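Only a predicted model underlies this, so the values are computations on that prediction, with no experimental measurement involved.
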Amino acid sequence: MNIVSFILGAPIKPKRQSQRLVAVRGEIESLRAHYNEHIEPLTRKFENRRVACLKMLRQRIYMSIGLFAAIVFVVYLFDTRQRLDIPWFLYLLPVLPLFWWSSRPVKRYKSDVKQRVFPKIFSYFGDDFIFSPTHSMSLSVLKRSKLLPHYDDAKFEDYVQGTHKGVEIVINELQLTKEVRRNKSRDTETVFRGVMVQLSSHKKFNGHTLVVKARGGLINFLSDSCNSLSRVKLEDPRFEKRFDVFSSDQIEARYLLTVSFMERLQELASCFTGKIQCAFYDDKLLIMLASRDNRFELGSIFNGATFEYEFSQINKEMQQLFAMIEVLKLDEYTGL
């Protein structure tokens with residue numbers, strides 16, 4: 001079913017067919033066991049709710065179309081009789097409140113999935129993993145990374161926290177915006193939208209190292225974030241073309257940025273849009289992943305409520321983070 005067939009009256013029926021979990025060989029059994037115990041018992045309830053939600057959505061769409069047509073007709077008659085010459089775009093004003101009212105059932109359904117299902121998914125990675133739509137990272141800690149672009153406003157959404165081999169992992173969606181002047185008006189421009197990933201190391205880094213997207217060494221070097229750091233050459237020319245590296249400790253930077261680590265960084269980036277930057281500072285590794293997608297949202301409302309795709313995708317991304325912890329030995333107390 002798609003939006004066109006849905007509006008045209010296609011039958012709305014429960015979908016019980018499995019979408020199949022996806023994982024690397026050797027992990028599928030544990031993934032399936034967790035799914036069967038913690039997630040599958042919720043699917044029947046949410047599938048029934050999904051069907052009820054779609055029926056209510058279609059009913060509200062039909063009612064909204066009827067109300068909109070009636071409002072436009074009445075305003076048009078009044079306009080022609082009184083000769084007010086009402087601008088055409090004013091006829092569209094009822095669309096916004098009608099759209100908000102029609103979409104409310106879907107928003108409530110997706111919000112409930114976040115509250116009930118996503119915590120069960122993240123519990124697979126450890127009993128201490130939590131998922132919250134409202135918690136947020138500390139902006140002051142993020143600013144110290146020197147990765148954030150200039151911004152005027154920050155909006156956080158969907159927070160994940162837990163530990164792997166004693167290393168704390170914090171994940172938060174973030175949108176940064178700034179006010180820009182265009183001609184005589186002010187507009188809001190998004191300067192970053194994506195996911196922030198913070199890994200806390202058992203060892204404090206001696207220096208401050210930045211891995212930023214390659215924009216030309218001179219441009220990055222002259223930026224505010226890099227003007228107190230020195231340029232570092234990477235071992236592999238493949239990564240040298242993609243990233244510029246700056247650090248206050250050349251020896252530590254070369255120790256950290258091995259070919260193995262950079263490959264893991266690229267694999268993680270491939271799960272998003274490929275745009276990735278990171279910083280080693282204090283006792284933290286901060287990874288900045290640009291993405292237009294909302295990572296922790298339910299898929300299409302027209303798909304059955306099995307949650308297997310969401311579980312598989314989140315597991316894939318989390319395994320990349322766990323691999324980075326092991327490559328960098330963040331769980332060890334040894335010095336660099």
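Distance alone, capped at 3.5 Å, places no donor-acceptor pair between the Ser111 side chain and the Arg108 backbone. Remark: side-chain polar atoms of Ser291 are not paired, donor with acceptor, to backbone N or O of Gly194 under 3.5 angstrom. Not one N or O on the side chain of Asp282 forms a donor-acceptor pair closer than 3.5 Å with the backbone of Lys284. The main-chain N or O of Gly207 is found under 3.5 Å from a side-chain atom of Glu252 such that the two form a donor-acceptor pair. Of the possible donor and acceptor atoms, none in the side chain of Ser145 sits under 3.5 Å from a partner among the backbone N and O of Leu286.
Side-chain atoms of Thr163 and Asp128 include a donor-acceptor pair closer than 3.5 Å. Looking only at atom types and distance, the side chain of Ser230 has no donor-acceptor partner in the side chain of Gln250 under 3.5 Å away. Residues Ser64 and Ser102 bring a donor and an acceptor atom of their side chains to less than 3.5 Å of each other. For the 3.5 Å distance criterion, the side chains of Ser132 and Thr134 qualify, holding a donor opposite an acceptor.
A salt bridge does not link Arg32 to Glu40: none of the charged side-chain nitrogens sits closer than 4.0 Å to a carboxylate oxygen. Salt bridge annotation for Arg50-Glu47: present, with a cationic side-chain nitrogen under 4.0 angstrom from a carboxylate oxygen. Using a cut-off of 4.0 Å between Lys/Arg side-chain N and Asp/Glu carboxylate O, Glu157 and Arg193 are scored as not salt-bridged. The pair Arg238-Asp236 meets the salt-bridge criterion, with a side-chain N (NZ, NE, NH1 or NH2) lying under 4.0 Å from an Asp/Glu carboxylate O. Taking 4.0 Å as the cut-off between side-chain N and carboxylate O, Glu240 and Arg231 count as a salt-bridged pair.
Within the 4.5 Å cutoff, the side chain of Phe239 has no heavy atoms near those of the Val245 side chain. Inter-residue side-chain proximity for Asp158 and Asn172 is flagged as unmet; no heavy-atom pair is nearer than 4.5 Å. With contacts defined as side-chain heavy-atom distances shorter than 4.5 Å, the pair Ile169/Phe125 does not qualify. Annotation: side chain of Leu210 is in contact with side chain of Lys146 (closest heavy-atom distance under 4.5 Å).
Residue His135 qualifies as open at atom NE2: its count of foreign heavy atoms under 6.0 Å is 12 or below.
A cation-pi contact, defined as under 6.0 Å to the ring centre and within 45° of the axis, is absent between Arg144 and Tyr281.
Here the closest non-hydrogen pair linking Pro105 and Arg60 is CD-NH1, 3.8 Å. In terms of heavy-atom proximity, Ile171 sits nearest to Leu321 at CD1-CD1, 3.8 Å. A pairwise comparison of heavy atoms in Asp283 and Phe205 identifies C-CE1, 4.1 Å as the closest pair. Between Tyr151 and Leu139, the closest heavy-atom pair is OH-CD2, 3.6 Å.
Between Phe129 and Phe322, the two ring planes are perpendicular [angle over 60°; tilted spans 30° to 60°]. Taking the six-membered ring where tryptophan is involved, the planes of Tyr35 and Phe311 are essentially parallel, since the angle between them stays under 30° and well short of 60°.
Of the candidates Leu42, Asn48, Thr43, Phe46 forms a side-chain contact (heavy atoms from CB on, under 4.5 Å) with just one, namely Leu42.
Distance check, rounded to the nearest 0.5 Å: CZ of Arg116 to CZ of Phe307 gives 10.0 Å.
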